[in-house]
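Below: the structure, in structure tokens.
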Amino acid sequence: MLTLNAIRTQKEEIITRLAKRGKDRSDIINEVISIDEAKRSIQTQLENNLAKANTLAKEIGDLFKSGDKELAETKRNESTELKEETKSLEAKLAELEGQLTQKLYEIPNAPSHAVKTGITPEENETVFEWGTEPILPENPKPHWELTEKYDIIDFELGNKITGAGFPVYKGKGARLQRALINFFLDEAIKAGYYEIQPPILVNEASGFGTGQLPDKEGQMYHDKTDNLYLIPTAEVPITNIYRDVILKEEELPIKNVGYTPCFRREAGSYGVHVRGLNRLHQFDKVEIVQIAKPEQSYAILEEMVNHVKGLMEKLGLKYRILRLCGGDMGFASALTYDFEAWSGAQQRWLEVSSTSNFETFQANRLKCRYKTKEGKNELVHTLNGSALALPRIVACLLENYQTTEGIKLPECLHPYLGFKSI
RNA sequence: GGAGAAAUGGCAGAGCGGUUGAAUGCGGCAGUCUUGAAAACUGUUUUAGUGUAAGCUAACGGGGGUUCGAAUCCCUCUUUCUCCGCCA
């Protein structure tokens with residue numbers, strides 16, 4: 001969430017930046033400010049009361065010791081009265097605090113200055129393109145036909161075991177998954193990332209920390225017995241490592257990478273565009289996460305984008321990079337680049353990575369700070385990106401590398417695969 | 001799953017109803033000494049809110065209660081440890 005301090009001191013700027021999401025939020029910002037003012041005034045009264053009560057308590061203690069029972073009794077009554085008042089102030093304060101956090105939770109992150117105002121995906125800006133249209137045989141097959149033809153991914157079997165959106169990878173299909181995961185992890189490690197294998201079930205506090213809760217409750221699978229959530233992305237457990245942590249300045253930036261399965265309920269998605277691997281309930285993803293000092297975070301975002309570019313180019317997949325417009329960005333993001341790979345047989349772009357700077361939005365919820373050289377604690381910036389999400393990469397690899405003699409997979413994967421083609 | 005014990009500052013570890021935001025030790029930081037370092041000595045060393053500031057307030061796992069007053073008593077939740085059972 002946005003910091004109260006930012007809302008108080010840079011109100012106009014925040015309103016301007018929020019407007020990039022295509023909706024005016026000045027009302028809610030003003031509400032926050034007025035609730036905060038009311039809250040602070042109550043708080044001052046309450047603290048004065050408590051100070052009085054503390055003094056009285058000390059006096060009473062002394063009076064009892066010196067044996068002046070009568071005066072002690074008088075003061076005791078005085079203190080009891082004071083307590084009534086304190087209770088009602090506490091109740092008011094709690095209520096205002098509740099309102100305040102409620103409002104703060106409703107406000108999305110303020111988009112960075114580089115972000116274009118807009119609402120729909122059509123308004124995203126293409127900032128980079130690479131690669132050429134793959135040369136395919138006559139009547140190229142979409143991946144869901146190829147997976148069936150070569151018997152490498154079985155959607156029907158997944159239906160039987162679990163349900164739609166949970167495919168079974170078989171034989172070379174399973175090995176391709178494993179190869180991609182290892183390839184992505186190794187590339188990240190070469191780039192200086194530290195590998196983490198986190199839990200894939202997280203508690204409520206972690207869901208709040210990265211912003212999935214309270215809003216996107218319905219997007220996650222929830223185990224009610226133990227009140228745990230299946231992660232929609234490794235971002236959740238990996239970023240939550242730093243919840244309630246004060247880092248040393250020299251530790252930053254922290255670069256972590258982790259492979260996890262990801263689970264998304266995808267409530268409300270349907271239609272041809274979700275066929276095959278295009279949209280799944282369970283999929284594999286390698287995620288890169290960085291924790292940075294504010295002044296370095298945008299340079300780091302570029303570095304992360306370059307890392308993903310390198311992966312796409314080694315895989316030889318035609319792709320483009322979009323800078324999302326305000327309205328298409330996630331709730332917590334200040335700036336997001338989406339990578340889309342070209343799917344030769346479907347003749348459409350598929351999103352394969354989303355790389356974002358959250359600035360202090362997550363850090364504020366996480367209470368993740370670092371101690372500056374001057375000894376002050378300041379919120380860090382958090383960033384993350386998919387590097388990469390597997391299913392659509394697999395779809396594009398299968399489609400774009402299909403030939404009449406089989407699917408000839410790119411060279412960078414050969415050492416990981418143990419074979420060259422399917 | 002059953003039985004028991006515990007949770008205090010960066011760490012270790014006192015305190016068990018009234019100058020205890022918290023003894024003591026270690027660690028960290030600054031200084032004295034030294035050519036430099038070590039040792040020794042001296043000082044300092046949590047976070048958040050509020051206020052121009054002095055200050056005030058809150059926090060001893062979380063939440064609630066008793067009391068004029070709680071780290072200290074009571075309830076509850078969570079976590080950790082030990083023993084037993086089960087088990088990849």
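Just so it is clear: chains get the letters A, B, ... in the order the sequence lines come, proteins before strands, and each one is counted from 1.
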What is the distance from [atom1] of [X] to [atom2] of [N], rounded to the nearest Å?
X: Lys83(A); N: G65(B); atom1: NZ; atom2: P; result: 9 Å
X: Asn203(A); N: C77(B); atom1: CG; atom2: C1'; result: 15 Å
X: Asn54(A); N: C56(B); atom1: CG; atom2: C1'; result: 10 Å
X: Glu90(A); N: U57(B); atom1: CD; atom2: P; result: 14 Å
X: Lys87(A); N: G64(B); atom1: NZ; atom2: C1'; result: 11 Å
X: Asn77(A); N: G69(B); atom1: CG; atom2: C1'; result: 15 Å
X: Leu379(A); N: U47(B); atom1: CG; atom2: P; result: 14 Å
X: Asp244(A); N: A59(B); atom1: CG; atom2: P; result: 18 Å

Salt bridge check, [Y] against [X]: does any charged N sit closer than 4.0 Å to a carboxylate O?
X: Asp36(A); Y: Arg40(A); answer: yes
X: Glu287(A); Y: Lys285(A); answer: yes
X: Lys116(A); Y: Glu125(A); answer: no

With a cut-off of 3.5 Å and sequence neighbours excluded, list every side-chain donor-acceptor pair involving residues 149-161 of chain A.
residue   : atom : partner   : partner atom : Å
Asp151(A) : OD1  : Lys170(A) : NZ           : 3.1
Asp154(A) : OD1  : Glu156(A) : N            : 3.1
Asp154(A) : OD1  : Leu157(A) : N            : 2.9
Asp154(A) : OD2  : Lys170(A) : NZ           : 3.1
Asn159(A) : OD1  : Ala164(A) : N            : 3.1

Which value, in whole Å, describes the distance between the [atom1] atoms of nucleotides [N] and [M]?
N: U72(B); M: G21(B); atom1: C1'; value: 15 Å
N: C26(B); M: U80(B); atom1: C1'; value: 23 Å
N: G61(B); M: G27(B); atom1: C1'; value: 24 Å
N: U20(B); M: A71(B); atom1: P; value: 13 Å
N: G2(B); M: G85(B); atom1: P; value: 15 Å
N: A58(B); M: A7(B); atom1: P; value: 24 Å
N: C74(B); M: C16(B); atom1: P; value: 15 Å
N: A23(B); M: G9(B); atom1: C1'; value: 12 Å

Could you go over nucleotides 48-50 of chain B and give all protein N or O partners under 3.5 Å, atom names and distances?
residue : atom : partner   : partner atom : Å
A48(B)  : OP1  : Arg369(A) : NH1          : 2.8
G49(B)  : O2'  : Gln43(A)  : OE1          : 3.4
G49(B)  : O2'  : Gln43(A)  : NE2          : 2.5
G49(B)  : N2   : Glu47(A)  : OE1          : 2.9
U50(B)  : OP1  : Arg8(A)   : NH2          : 2.8

Check: Just by modelled atom types, is the Pro142(A) backbone N or O under 3.5 Å from a matching donor or acceptor in the Glu145(A) side chain?
Finding: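 Side chain of Glu145(A) to backbone of Pro142(A), a donor-acceptor pair under 3.5 Å: no, none is there.
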
Closest heavy-atom contact between [X] and [Y]?
X: Asn124(A); Y: Cys325(A); result: OD1-N, 2.8 Å
X: Ala205(A); Y: Asn240(A); result: O-OD1, 4.1 Å
X: Leu82(A); Y: Ala53(A); result: CD2-N, 3.6 Å

Notebook entry, point to check: Where along nucleotides 17-22 of chain B does protein come under 4.0 Å, by heavy atom, of base (B) or sugar-phosphate alone (S), with - for untouched nucleotides?
Noted result: -B----

Next item on the list: Check whether NZ of the Lys or CZ of the Arg Lys255(A) lies under 6.0 Å from the centre of the six-membered ring of Tyr193(A) and within 45 degrees of that ring's axis.
Entry: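 Yes, Lys255(A) lies over the aromatic ring of Tyr193(A).
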
Next item on the list: Go through the structure and list residues passing salt bridge (charged side-chain N to carboxylate O under 4.0 Å, His left out) with Glu13(A), not counting sequence neighbours.
Entry: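 With sequence neighbours excluded, Glu13(A) shows a salt bridge (charged side-chain N to carboxylate O under 4.0 Å, His left out) to Arg17(A), given in chain and number order.
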
Notebook entry, point to check: At under 4.0 Å between heavy atoms, what does Lys371(A) touch on the DNA or RNA strands: base, sugar-phosphate, or nothing?
Noted result: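 Lys371(A): backbone/sugar contact only, no base atoms under 4.0 Å.
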
Name the atoms and distances for all side-chain donor-acceptor pairs under 3.5 Å in residues 305-315 of chain A, with sequence neighbours left out.
residue   : atom : partner   : partner atom : Å
Asn306(A) : ND2  : Glu302(A) : O            : 3.4
Glu313(A) : OE2  : Tyr319(A) : OH           : 2.5
Lys314(A) : NZ   : Glu187(A) : OE1          : 2.7

Note to self: Under a plain distance cut-off of 3.5 Å, with no hydrogens placed, do Tyr298(A) and Glu359(A) share a side-chain donor-acceptor pair?
What the structure shows: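 Yes, Tyr298(A) and Glu359(A) have a side-chain donor paired with an acceptor closer than 3.5 Å.
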
Check: So what does the secondary structure string of RNA chain B come out as, 5' to 3', with Watson-Crick or wobble pairs under 3.5 angstrom, [ ] for crossing and | for pairs with another strand?
Finding: ((((((((.[[[..)..(.....]]]((((((.......))))))(((((....))))).[[[[[..)....]]]]])))))))....

